[in-house]
Amino acid sequence: MSITVTEIVLHQLHQTQDEPPQLNTVLRENLLAITPEAEQMMLQLHQTYQGKAKAYGVFRSESIFAQQLNRLLEQETDFLPFSHSAAKMLANELAKYPFASGGTFILCRYTFLATEYLFIGLIDSRSSILVDDHLEVKRTEYLEITQYDIACRINLTELKLDAQSNRYLTFIKGRVGRKVADFFMDFLSADEGLNPQLQNQTLLQAVSDYCEQGELNSNQTQAVKKQVFDYCKGQINSGEEIAIEELSAALPTLNEQDFATFTQNQEYGLEENIPPVRNALKTLTKYSGSGKGVTISFDAELLSQRIIWDELNDTLTIKGLPANLRDQLTRNK
């Protein structure tokens, strides 16, 4: 699917040799022309961002960035001066962190599926070799637009409609761990918003409690959990969120109340729509664990059938080993 770029600009952040190092800004004096190449670059950045693990945030009331963004949305300032201010704020904040090394700072306002976004990213450059038209070998540099960790995106449509939303701001949970999260929180002056991991864990607990209050046996409980998993897996595959009302309609009514009503009555604090977290949802249909050189994973429906748990003696008994495991044991006995 394509995107529609409305405004885009690039700036450079260069790390100095000072102690401590500083980040200098090299600012463009005009917006980047919206050429097919610029749109293709932004499409790739967008597609990469879509596949990243993200966290959610909300602006603090004193956020200077949010105030400047509001001026932009109210058309009290233009995109270029807004970007200049953001670049300087970013340089000042990023210089505090040891992983800061500069890069190309990209701000882009674009539309995707009738939703307007503001993308902000600091993209590294890489060196490579090319052969030109005269078959000469030359060194070149390119942007790592398919691999980056320092970026955030603001859903401008949602922010305009509901300033109290807890999911209009997302940022990448990068390879350098919590430092990236800290950096974006400080740069944007934002606090943590929606916690997808916690929402998914709460959903799993609600499903277990729902089955328990419905007085289902273990087989019936597992059947309901599989229904939940199948629905959530379908949402993940289609890129959609978990809709509690929609999920509730797919589950049986227990003790004269549906799942959605049960979650509301028990005050679990679930959002109407929850971003699915694949690893958390796997526990609906699988047991898994690792430690002391042992890794075990099996379908939940096998418990008490082929997999026997002796809680008192802290042992699992497996009836019928997987053929490939049995072959390995036989060859190495």
Side-chain angles (χ1 to χ4, degrees), residues 3-14 22-35 38-39 41-43 45-46 49 54-97 100 102-123 148 150-172 180-194:
I3 63 174
T4 302
V5 175
T6 53
E7 293 177 298
I8 182 170
V9 68
L10 309 180
H11 304 300
Q12 282 284 338
L13 273 65
H14 292 296
Q22 301 294 318
L23 283 177
N24 289 337
T25 57
V26 179
L27 306 178
R28 277 184 64 98
E29 293 304 322
N30 47 50
L31 298 181
L32 194 65
I34 303 176
T35 62
E39 289 189 315
M41 177 189 71
M42 196 57 227
L43 177 60
L45 288 169
H46 164 80
Y49 192 87
K54 295 179 282 291
Y56 291 79
V58 293
F59 293 126
R60 300 178 194 136
S61 59
E62 70 274 15
S63 171
I64 296 176
F65 180 90
Q67 294 169 16
Q68 294 177 342
L69 176 60
N70 185 64
R71 292 187 63 226
L72 175 69
L73 298 178
E74 294 294 331
Q75 299 181 344
E76 296 175 3
T77 188
D78 293 328
F79 194 72
L80 185 63
F82 166 76
S83 73
H84 285 175
S85 176
K88 294 172 183 177
M89 289 173 57
L90 182 144
N92 291 335
E93 189 60 44
L94 189 55
K96 302 175 184 178
Y97 294 82
T104 299
F105 183 45
I106 300 178
L107 293 95
C108 180
R109 192 170 179 175
Y110 71 95
T111 302
F112 175 68
L113 295 179
T115 302
E116 187 180 24
Y117 294 103
L118 175 63
F119 174 88
I120 303 173
L122 186 63
I123 313 299
Y148 59 88
I150 302 180
C152 70
R153 188 173 69 179
I154 301 166
N155 185 325
L156 298 178
T157 300
E158 182 160 358
L159 180 60
K160 291 175 186 176
L161 292 174
D162 181 12
Q164 302 306 312
S165 168
N166 60 1
R167 61 171 72 199
Y168 55 76
L169 168 64
T170 61
F171 54 90
I172 295 175
V180 168
D182 289 343
F183 154 65
F184 266 106
M185 289 296 191
D186 293 338
F187 164 54
L188 300 169
S189 188
D191 292 318
E192 184 177 0
L194 178 70

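For the numbers below, each heavy atom of this structure counts, side chains included, while hydrogens, waters and symmetry mates do not.
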Could you tell me if the side chain of [Y] sits less than 4.5 Å from the side chain of [X], heavy atoms only?
{"X": "Glu39", "Y": "Tyr110", "result": "no"}
{"X": "His11", "Y": "Leu90", "result": "no"}
{"X": "Leu69", "Y": "Leu156", "result": "yes"}
{"X": "Leu73", "Y": "Glu116", "result": "no"}

Is a side-chain N or O of [X] found less than 3.5 angstrom from the main chain of [Y], in a donor-acceptor match?
{"X": "Tyr168", "Y": "Phe59", "answer": "yes"}
{"X": "Tyr148", "Y": "Tyr49", "answer": "yes"}
{"X": "Asn92", "Y": "Lys88", "answer": "yes"}
{"X": "Thr6", "Y": "Arg109", "answer": "yes"}

Pairwise distance [atom1]([X]) to [atom2]([Y]) - rounded to 0.5 angstrom:
{"X": "Leu80", "Y": "Leu72", "atom1": "CG", "atom2": "CG", "answer": "11.0 Å"}
{"X": "Leu32", "Y": "Ser83", "atom1": "CG", "atom2": "OG", "answer": "11.0 Å"}
{"X": "Ile120", "Y": "Ile106", "atom1": "CD1", "atom2": "CD1", "answer": "11.5 Å"}
{"X": "Leu159", "Y": "Leu118", "atom1": "CG", "atom2": "CG", "answer": "10.0 Å"}
{"X": "Leu31", "Y": "Phe79", "atom1": "CG", "atom2": "CZ", "answer": "7.0 Å"}

- Message: Tell me if the centroids of the rings in Phe187 and Phe65 come within less than 6.0 Å of each other.
- Response: yes
Please find the pair of heavy atoms, one from [X] and one from [Y], that lie closest to each other, and give the distance.
{"X": "Val58", "Y": "Asn166", "value": "CG1-CA, 3.5 Å"}
{"X": "His84", "Y": "Glu29", "value": "CE1-OE1, 4.2 Å"}
{"X": "Gln68", "Y": "Thr77", "value": "O-CG2, 4.4 Å"}
{"X": "Gln67", "Y": "Ser61", "value": "NE2-O, 4.1 Å"}
{"X": "Leu122", "Y": "Gly103", "value": "CD1-C, 3.7 Å"}
{"X": "Glu7", "Y": "Ile34", "value": "N-CD1, 4.3 Å"}

- Task: Look at atom CD of Gln75 and say whether more than 12 heavy atoms of other residues, nucleotides or ligands are closer to it than 6.0 Å.
- Result: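 Check fails, neighbour count at 12 or below.
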- Should we say atom CD1 of Ile64 is surrounded by more than 12 heavy atoms from elsewhere, each under 6.0 Å from it?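 Counting neighbours around CD1 of Ile64, 12 or fewer heavy atoms of other residues, nucleotides or ligands fall under 6.0 Å, so no.
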- Looking just at side-chain N and O atoms, do Asn155 and Arg153 make a donor-acceptor pair shorter than 3.5 Å? no
- Test item: side-chain donor near acceptor, Gln12 and Thr25, under 3.5 Å: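 Distance-only check fails for Gln12 and Thr25.
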